Each structure stands twice: as structure tokens, then as C-alpha cells.
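Take a look at the structure below.
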Amino acid sequence: MLVAPRGIVAALTLLAASTAAPQGVVTQRILSLAAARTIAEAALAECTSRGFHTSVAVVDRSGDPLVVLRHELAHPATLEMARSKAYTAVVFRGSTQEFQTATANDPARLPQRDVPGILALGGGVPLYSGGEIIGAVASSGSNQTTDDECAKAGAAKGASLLE
């Protein structure tokens with residue numbers, strides 16, 4: 001009969017206990033203000049280069065604004081629309097274009113559009129780091145397709161900063 005030394009048994013017991021027992025602290029990845037600025041500026045620059053006067057919002061993982069930029073010629077309503085699109089992308093964990101389609105095609109999901117702060121229009125995309133959503137970027141003021149492309153350009157510019 002083979003008997004394991006007590007040290008190995010004790011180490012295995014501690015390892016099992018440390019991985020099974022919940023800890024009192026949770027670690028999260030947080031979107032930095034510097035990265036949020038870079039993302040917002042890239043999204044705004046993309047739409048401006050296409051001749052659109054838009055607003056851009058970047059929110060954190062809770063949907064709270066970190067950066068909001070508005071082209072000086074953008075309509076004032078675009079600020080709130082961009083913030084709402086970014087919030088929607090975080091809350092529903094996907095692009096607002098996907099959310100718009102999903103809620104339009106599923107009557108059971110349609111009431112989700114009535115949640116305060118939600119906007120089911122294309123132009124908002126989540127931001128990822130290490131496989132988890134840490135925020136979102138959204139553009140408003142052009143058309144839904146271009147807003148979506150501008151938001152994705154911002155996310156792409158910031159991707160290297162988020163890993």
C-alpha cells in the first residue's frame with residue numbers, strides 16, 4: 001500500500017479549500033480614463049472624417065459616463081442619444097444594432113426597450129478586456145450604420161490599450 005506524505009496531503013487540502021471557498025474581495029478590470037479618451041476621440045474622428053457632426057460617449061462597466069464628446073456642430077440631442085446607446089450596450093451585453101434586431105423580432109423582449117435610459121438604435125458597442133465587458137462606446141448623429149462603424153473604429157483603436 002502506497003501512503004502519501006503528510007505535507008502533500010496538507011498542501012492538496014489547502015489548495016482545494018482555497019479554490020472552493022469564496023473570497024471576500026472581487027477583482028475587476030476597470031476602463032481607464034486615458035483609454036476612454038482615446039476611444040472617444042477615435043470614434044469622433046472617424047465620423048468627422050466622413051463629414052458627420054456627431055457626439056460620442058464612453059461608459060464604464062456600470063454604464064456611468066467616463067467621456068462624452070460633442071462635435072461643435074452636432075445637434076444637442078446627440079449627446080444623450082450617444083450616452084443611452086453606450087448604456088444599452090453595457091446593460092444588454094452586446095451591440096445596440098443586435099439589441100434593436102432582437103427586440104424587434106421577439107415580442108417578449110420588446111418591453112426591454114421601455115427600460116429607462118435604453119435606446120434601441122445602432123451605434124453602441126461593448127468594450128472588452130480579458131473576455132469581459134468593461135464598458136461601451138457609442139456614436140450618435142449620423143445614421144445607424146455609420147454610427148455603428150464609428151463606434152467600432154473607436155473600440156478598435158482602444159483594443160490594444162485594453163488587454
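What's counted below: heavy atoms across the whole structure, side chains too, no hydrogens, waters or symmetry copies. Note that the structure is a prediction, hence the values are computed from the model and not measured.
For the 3.5 Å distance criterion, the side chains of Thr103 and Arg113 qualify, holding a donor opposite an acceptor. A donor-acceptor pair shorter than 3.5 Å can be found between the side chains of Thr78 and Ser55.
For the pair Ile134/Ile30, no side-chain contact is recorded, criterion being any heavy-atom separation below 4.5 Å from C-beta on. Taking 4.5 Å as the limit, every side-chain heavy atom of Thr96 sits out of range of all side-chain heavy atoms of Leu121. Two residues are said to be in side-chain contact when any heavy atoms from C-beta on lie closer than 4.5 Å; Lys157 and Glu46 fail this criterion. Side-chain contact between Val67 and Ile39 is absent, with no heavy atoms from C-beta onward closer than 4.5 Å. Between Leu31 and Val59, the closest side-chain pair of non-hydrogen atoms is not below 4.5 Å. At a threshold of 4.5 Å between non-hydrogen side-chain atoms, the residues Phe99 and Gln112 count as touching. Under the 4.5 Å side-chain criterion, counting only non-hydrogen atoms from C-beta, Val56 is not in contact with Arg70. Contact of the Leu127 side chain with the Ile133 side chain is not registered, since no non-hydrogen atoms from C-beta on lie closer than 4.5 Å.
Closest heavy-atom contact between Val58 and Ala40: CG2-CB, 3.8 Å. Annotation for Ala42 and Ala153: closest pair CB-O, 4.3 Å, computed over non-hydrogen atoms. Looking at every heavy atom in both residues, Val137 comes nearest to Ala43 through CG2-CB, 4.3 Å. Between Ala82 and Ser140, the shortest heavy-atom contact is N-CB, 3.7 Å. Residues Val125 and Ala155 share a closest heavy-atom pair of CG2-CB, 4.2 Å. Closest approach of Ala86 to Ala138, counting heavy atoms only: N-CB, 3.4 Å.
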Could you please spell out the steps behind the side-chain contact (heavy atoms from CB on, under 4.5 Å) verdict for Cys47 and Thr146?
-> CA-CA 7 Å; Cys47 273; Thr146 303; 4.3 Å; yes

Test log, rule side-chain contact (heavy atoms from CB on, under 4.5 Å), inputs Leu162 and Tyr128 = CA-CA 7 Å; Leu162 302 180; Tyr128 294 90; over 6 Å; no

Take Thr145 and Asp148, measure what side-chain hydrogen bond (donor to acceptor under 3.5 Å, both in side chains) needs, and give me the verdict at the end.
-> CA-CA 5 Å; Thr145 300; Asp148 192 66; over 6 Å; no

Would you check, one step at a time, whether the test salt bridge (Lys or Arg N to Asp or Glu O under 4.0 Å) holds for Glu149 with Lys152?
-> CA-CA 5 Å; Glu149 291 167 354; Lys152 287 178 180 173; over 6 Å; no

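The OG1 atom of Thr88 lies 3.5 Å from the CD1 atom of Ile118; values are rounded to the nearest 0.5 Å. The CZ atom of Arg83 sits 9.0 Å away from atom CG of Asp64, with the distance rounded to the nearest 0.5 Å. We find the OG-NE2 distance between Ser142 and His53 to be 11.5 Å, quoted to the nearest 0.5 Å. Atoms CG and OG, from Leu161 and Ser32 in turn, are 7.0 Å apart once rounded to the nearest 0.5 Å.
If you chain together hydrophobic residues whose side chains sit under 4.5 Å apart, Phe52 and Leu44 never meet in one group.
Salt-bridge formation is detected for the pair Glu132/Arg61: a Lys NZ or Arg NE/NH1/NH2 atom is positioned less than 4.0 Å from an Asp or Glu carboxylate oxygen.
Atom CZ of Arg50 has more than 12 neighbouring heavy atoms from other residues, nucleotides or ligands inside a 6.0 Å radius. For Tyr87, the OH atom counts as loosely surrounded, since its 6.0 Å shell holds 12 or fewer non-hydrogen atoms of other residues, nucleotides or ligands.
Between the Gln97 side chain and the Gly122 main chain, no donor and acceptor come within less than 3.5 Å of each other.
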